[in-house]
*Asks:* 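Structure in structure tokens, see below.
To find a chain, count down the sequence lines: A is the first, B the second, and so on, and within it residues start at 1. In this text, all values refer to a predicted model and were calculated from it rather than measured experimentally.
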Amino acid sequence: MKLYEPHEIEERRQAAWEKDQLFRVSEDGTKEKYYLLEMFPYPSGRIHMGHVRNYSIGDVIARYKRMKGFNVLHPMGWDAFGMPAENAAIERGIQPATWTHENIDYMRKQLKRLGFGYDWTREIATCDVEYYRWEQWIFLKMFERGLVYRKSSPVNYCPKCQTVLANEQVEGGACWRCSEEVIQKELTQWFFAITQYADELYDYCDRLPGWPEKVLSMQKNWIGKSYGVEVDFRLEDGSPLTIFTTRPDTLYGVTFMVLAPEHPFSGVLALGTPYEHDVHAFIDRAKAQDRSFRAETEIKKEGVFTGKYAINPLTDTKIPIYIGNFVLMGYGTGAIMSVPAHDQRDFEFAKTFDLPLIVTIVPEDGALDPAAMTEAYEADGIMVNSGTFVGMKNREAIPKIIDFIEEKGMGKGKVNFRLRDWGISRQRYWGTPIPVIYCDDCGIVPVPYEDLPVVLPLDLEIKVVGKSPLAECAEFYNVHCPKCGKPAKRETDTMDTFVESSWYFLRYTCPQYDEGPLDRKKVDYWAPVDQYIGGVEHAVLHLLYSRFFNRVLNDLGLMGAREPFKNLLTQGMVIKDGSKMSKSKGNVVDPDYLIEKYGADTARLFCLFASPPEKDLDWSDKGVEGSFRFLQRVWRLVADRAEALQGVEAYLVPEERESDYIQLAHKIHKTIKKVTEDIERFHLNTAIASIMELVNTTYKFIEMERKEKAALSLLKGAIETVIMLLFPFVPHIAEELWGQIETGGRLLGAYWPVWDEAYVKDEKVMVVVQINGKLRDSCEVERDMEEAQLKEIIFGLEKIQRYVEGTEIIKTIIVPNKLVNIVCR
RNA sequence: GCCUGGGUGGCGGAAUAGGUAGACGCAAGGGACUUAAAAUCCCUCGGUCCUCGCGGCUGUACGAGUUCGAUUCUCGUCCUAGGCACCA
């Protein structure tokens, strides 16, 4: 018998796949397409176990779908722009481009060594000019449509990364990448108008049944849609002061207003009054508190009275106007109405400043005494003190009050979003240059399409200092204005790297197309991605940006699909010793080491078997050994009798009626069914478990030592089935074993086995007997037996008789072929 | 505080539509083979009680409920992970 030598086998098989270009695909109208994609990696140097897991899952699905006859697009590429390349450049004096490409070369080899089947002719590296030139092209199209604009605003800035961060990239006041505390800085930035799509992005969350509930809820949470009304309060001089509220049912309980420090009225209301000095001192102080500080929990609510009053349009009551540090200028109108009786924040503020409470909603079965309240009543109830709305349920009153306000011209219904526009300017070098030129005379001038690409110079010296190297490269930024020809300056900021990953999955469909970003025919054949697989950490950032970008490209007429990813699978992290694998924790397992010790098939198998894809995977060295042992067991099963099986015809149905045969035949068909259905729903761990069971059953059959030809035929059928079912998981060993038994020239991987429903059902079934729901006995009977006959057998059981004796039988419940429950007293 | 998930043996995890809880694997214990070891193979393996039987009781975070029957459905409680968090 040949020994199982994974390295030799794997190298040989991989070379053959490469030679035959096995995974290369093109559009084919005769087959159903299936676009399978895993999130592409950042080329950090080497792949880690998270990648191995992600891509192993993907490879199973890709190979399975191919066996099922789909035309499977399964590409791979590199999210190649980003800061680590610059840091490496600074630390080691190596060009970011060189560093990145060396990493890509190494990691590509690693992926190939794991045996993942990609169409490498479609490989993309986002740092290649042929990729980012089309991103610049898209930028210009977006600019024409007003989807890109420039504005000065306070931005999140990471002092360590020395660049701006989008709101989504700030996690609890810290940089998402390096965890440095984020500060506020006033900068002029480019923005993508993602808020124009906020409503649609929100609503479509309900039309993505193939996405995990969790991700959709995170996206909805982030977009933060809320229905309310804008109401015009009036200053005493008649000028309007508009607020936004989601609780118009509390409008009659407003006792004061609060403005954000940045509100245009904040600086002027107190002018010339005794309050002026205090107000300005407060505003200065509040503005100095940067965003991250303001975001801290338990920040004390502070405020100052402006000395001015406004009129509540519903009640004509005069109410004082305050400025408060807790009101955000960026949401709603930057001014709020305060209802201390029904909003906890307002309640606290009112207590501090000794402001009155007016109750407008009471619990259905009680009353509220403003003087006795220790917290705001935020729940639903019945309207009181509310003009014509008294007596209504507050929920029902809300739309009526909005109608009333609109009728009287006091305001209008409004939907607000938490989502902000996406700031994409980064003061970094290793990214896509923003294709814009600033001219003293003509202002902002987009680079003409014929001048694209704006190429990122590769021969720059990267220094530590704050400024982007591009801003110091005169050859780069000194240009002539495309409009008037006068000397002008090129934009030296680059784009956020999330821009590249927002459309790479579309470019895979036509990576060499040179007349535009997308070849409409090809992209419409493949898009949308049928199955996307990646880490849940991208639930908001990457996935939301991609949904936005896909819509923009759709609106630009570049493609037909509206949503980018039909189905999404978010895989869990790889955990070891209780925490995520990381260098700092010193608990990383190196894929190279695993491949060297056990081979790629074992590494893949363990990642797939140890836990279902969505869950975190607990690393276990012993578990890896177990996977290796299983493969050796399979190897022996086949290799030990490879010669004996030569020339034997494989049967999946028993030629003999003896129970050994029948049992094995049934097991084969049941396993095919189970594995098929499990792969379809991504229960890859249980799919493997059931293949293991088939292997165990096959060994048991062998122990019977049946020598007839029929036994060999069925055995061969079982073995062929094991190999075919294993192929998507561990393709190298499967192919090798397939080659060892003579299989009539059939090609492994070309088709998926089918089960015969007749053999899925056992001829004899074990029926368990319960008495009053408690398990008492069981017996084996013919399948689909007549109820009367079954009852006769059951009640004839000695044990059951003993239990039933002396009781009154109320009823007998029969679950066919499974269970009988006798209810008695 | 709000919104999602999730709590099952010593461990990773099964149980697809309410019907035998613990598949498969790991670890552990016992045995076979061997001069010995490795490898391999076989047996045991939730808890508990006894009269050690193809025995009884109990058991899927906890407490109720629906049901002939609940890991599964409903309500409440606790714990835990993730997301959002002065968003008016």
*Asks:* For nucleotides B:C33 and B:C45, find the distance between their C1' atoms and express it as a whole number of Å.
*Replies:* 23 Å
*Asks:* Using a heavy-atom cut-off of under 4.0 Å over every strand shown, decide if A:D346 touches base, sugar-phosphate, or nothing.
*Replies:*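 Counting heavy atoms under 4.0 Å across all strands, no contact is made by A:D346.
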*Asks:* Looking for any heavy atom pair under 4.0 Å, which part of the strands does A:R802 touch: base, sugar-phosphate only, or nothing?
*Replies:*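 It contacts nothing in the nucleic acid.
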*Asks:* What's the base orientation of B:G9: syn (chi within 90° of 0) or anti?
*Replies:*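 You should classify B:G9 as syn.
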*Asks:* Please check the phosphate of B:C68 (OP1 and OP2 only) for any side-chain N or O of A:K811 closer than 4.0 Å.
*Replies:* yes
*Asks:* Without decimals, in angstroms, what is the distance between A:D206 CG and B:U4 P?
*Replies:*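 It is 13 Å, rounded to the nearest whole Å.
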*Asks:* Would you please confirm or rule out a distance under 4.0 Å between OP1 or OP2 of B:A88 and any side-chain N or O of A:S226?
*Replies:*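 For B:A88, OP1 or OP2 has a side-chain N or O of A:S226 closer than 4.0 Å.
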*Asks:* With the side chain of A:S611 defined as its heavy atoms from C-beta on, choose the nearest nucleotide among B:G13, B:A88, B:U40.
*Replies:* B:G13
*Asks:* Output a table of nitrogen or oxygen pairs between the protein and nucleotides 25-30 of chain B separated by less than 3.5 Å.
*Replies:*
unit_1, atom_1, unit_2, atom_2, d
B:G25, OP1, A:N696, ND2, 3.3
B:C26, OP1, A:R629, NE, 3.3
B:C26, OP1, A:R629, NH2, 2.7
B:A27, OP2, A:R629, NH2, 3.4

*Asks:* Ring centroids only, cut at 6.0 angstrom: are A:W619 and A:F606 within range, meaning strictly under it?
*Replies:* yes
*Asks:* Do A:D660 and A:K700 sit within salt-bridge range, that is, some charged N less than 4.0 Å from a carboxylate O?
*Replies:* no
*Asks:* When you measure only distances, ignoring hydrogens and angles, does the side chain of A:N821 come within 3.5 Å of the base of B:C68 through a donor and an acceptor?
*Replies:*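 Between B:C68 and A:N821, which were checked side chain against base, a qualifying N/O pair under 3.5 Å is present.
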*Asks:* Are A:K225 and A:D203 within salt-bridge range, i.e. N to O under 4.0 Å?
*Replies:*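 Yes.
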*Asks:* Can you tell me how far C1' in B:G47 sits from the matching atom in B:C41, rounded to whole Å?
*Replies:* 31 Å
*Asks:* Work out how far the P atom of B:G56 is from that of B:G6, and round it to whole angstrom.
*Replies:*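 Between the two P atoms, the distance is 35 Å.
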*Asks:* Could you tell me the separation between the CE atom of A:M218 and the P atom of B:G82, rounded to a whole number of Å?
*Replies:* 11 Å
*Asks:* Check this for me: does any side-chain nitrogen of one of A:D380 and A:R395 sit under 4.0 Å from a carboxylate oxygen of the other?
*Replies:* yes
*Asks:* Reading RNA chain B from 5' onward, which residue's closest nucleotide shows up sooner: A:S217 or A:V540?
*Replies:* A:S217
*Asks:* With 3.5 Å as the limit, what N/O pairs link the protein to nucleotides 58-61 of chain B?
*Replies:*
unit_1, atom_1, unit_2, atom_2, d
B:U58, OP2, A:K774, NZ, 3.1

*Asks:* Here's one to test your reading of the geometry: is the NZ or CZ of A:K220 within 45 degrees of the ring axis of A:Y202 and under 6.0 Å from its centre?
*Replies:* yes
*Asks:* Using the P atom on both, measure B:C3 against B:U72 and round to a whole Å.
*Replies:*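 Taking atom P in both B:C3 and B:U72, they lie 23 Å apart.
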*Asks:* Please work out which of the three classes, parallel, tilted or perpendicular, describes the rings of A:Y377 and A:H342, given edges at 30° and 60°.
*Replies:*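 Rings of A:H342 and A:Y377: perpendicular, as their planes differ by over 60°.
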*Asks:* So does A:Y803 get a side-chain nitrogen or oxygen closer than 4.0 Å to the phosphate oxygens (OP1/OP2) of B:G56?
*Replies:* yes
*Asks:* Just how far, in rounded Å, is C1' of B:U16 from NE2 of A:H683?
*Replies:*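 After rounding, the gap between these two atoms is 8 Å.
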*Asks:* Starting at OH of A:Y4 and ending at P of B:A39, how long is that distance when rounded to a whole Å?
*Replies:* 17 Å
*Asks:* Would you classify B:A17 as syn or anti? Syn applies when the glycosidic angle is within 90° of 0.
*Replies:* syn
*Asks:* Under a 3.5 Å cut-off on both pairing distances, which runs of 3 or more consecutive Watson-Crick or G-U pairs involve RNA chain B?
*Replies:* B:1-7 with B:78-84, B:10-12 with B:24-26, B:28-32 with B:40-44, B:46-49 with B:55-58, B:61-65 with B:73-77
*Asks:* Determine the interatomic distance between C1' on B:A14 and the same-named atom on B:G83; round to the nearest Å.
*Replies:* 29 Å
*Asks:* Do A:F349 and A:F326 have ring centres separated by under 6.0 Å?
*Replies:* yes
*Asks:* Figure out the CG/C1' separation between A:D640 and B:C41, and round it to whole Å.
*Replies:*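 So the two atoms are 13 Å apart, to the nearest Å.
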*Asks:* Quick check for you: among B:C24, B:U20, B:U16, whose closest atom lies nearest to any side-chain atom of A:Q770?
*Replies:* B:U20
*Asks:* Give the rounded distance in Å between these two atoms: CZ of A:F347 and C1' of B:G1.
*Replies:* 16 Å
*Asks:* With the threshold set at 4.0 Å, does a side-chain nitrogen-carboxylate oxygen contact exist between A:R247 and A:E378?
*Replies:*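 Salt bridge between A:R247 and A:E378, a charged N being under 4.0 Å from a carboxylate O: no.
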*Asks:* Hey, are A:E693 and A:K674 close enough for a salt bridge, meaning a charged N less than 4.0 Å from a carboxylate O?
*Replies:* no
*Asks:* Rounded off to whole Å, could you give me the CG-to-C1' distance for the A:L797 and B:C54 pair?
*Replies:*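 Taking CG of A:L797 and C1' of B:C54, I get 14 Å after rounding.
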*Asks:* So, is the end of the A:R207 side chain (NZ or CZ) under 6.0 Å from the ring centre of A:Y204 and within 45° of the ring's axis?
*Replies:* yes
*Asks:* Mind listing the closest non-hydrogen atom pair of A:L419 and A:L544 along with its distance?
*Replies:*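 Looking at all heavy atoms of both residues, the closest pair is CD1-CD2, 4.0 Å.
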*Asks:* Are A:R825 and B:C68 close enough that a side-chain N or O sits under 4.0 Å from OP1 or OP2?
*Replies:* no
*Asks:* Is the CD atom of A:E798 crowded by more than 12 outside heavy atoms at less than 6.0 Å?
*Replies:* no
*Asks:* Given that A:A335 and A:Q632 both sit by RNA chain B, which one's nearest nucleotide is further toward the 5' end?
*Replies:* A:Q632
*Asks:* In whole angstrom, what separates A:I822's CD1 from B:G19's C1'?
*Replies:* 15 Å
*Asks:* Name the pairs: protein N/O against N/O of nucleotides 44-46 of chain B, kept only if under 3.5 Å.
*Replies:*
none

*Asks:* In this structure, are over 12 heavy atoms from other groups packed under 6.0 Å from A:E537 atom CD?
*Replies:*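 For A:E537, atom CD is crowded (more than 12 foreign heavy atoms under 6.0 Å).
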*Asks:* Looking at A:E780, I want to see if its CD is surrounded by more than 12 non-hydrogen atoms of other residues, nucleotides or ligands under 6.0 Å.
*Replies:* yes
*Asks:* Quick one: side-chain contact (heavy atoms from CB on, under 4.5 Å) partners of A:K818, sequence neighbours excluded?
*Replies:* A:V815
*Asks:* What pairs with A:R636 under side-chain contact (heavy atoms from CB on, under 4.5 Å), at least two apart in sequence or on another chain?
*Replies:*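 Partners of A:R636 by the side-chain contact (heavy atoms from CB on, under 4.5 Å) criterion, ordered by chain and then number, come out as A:M1, A:Q632, A:R633, A:D640, A:Y699.
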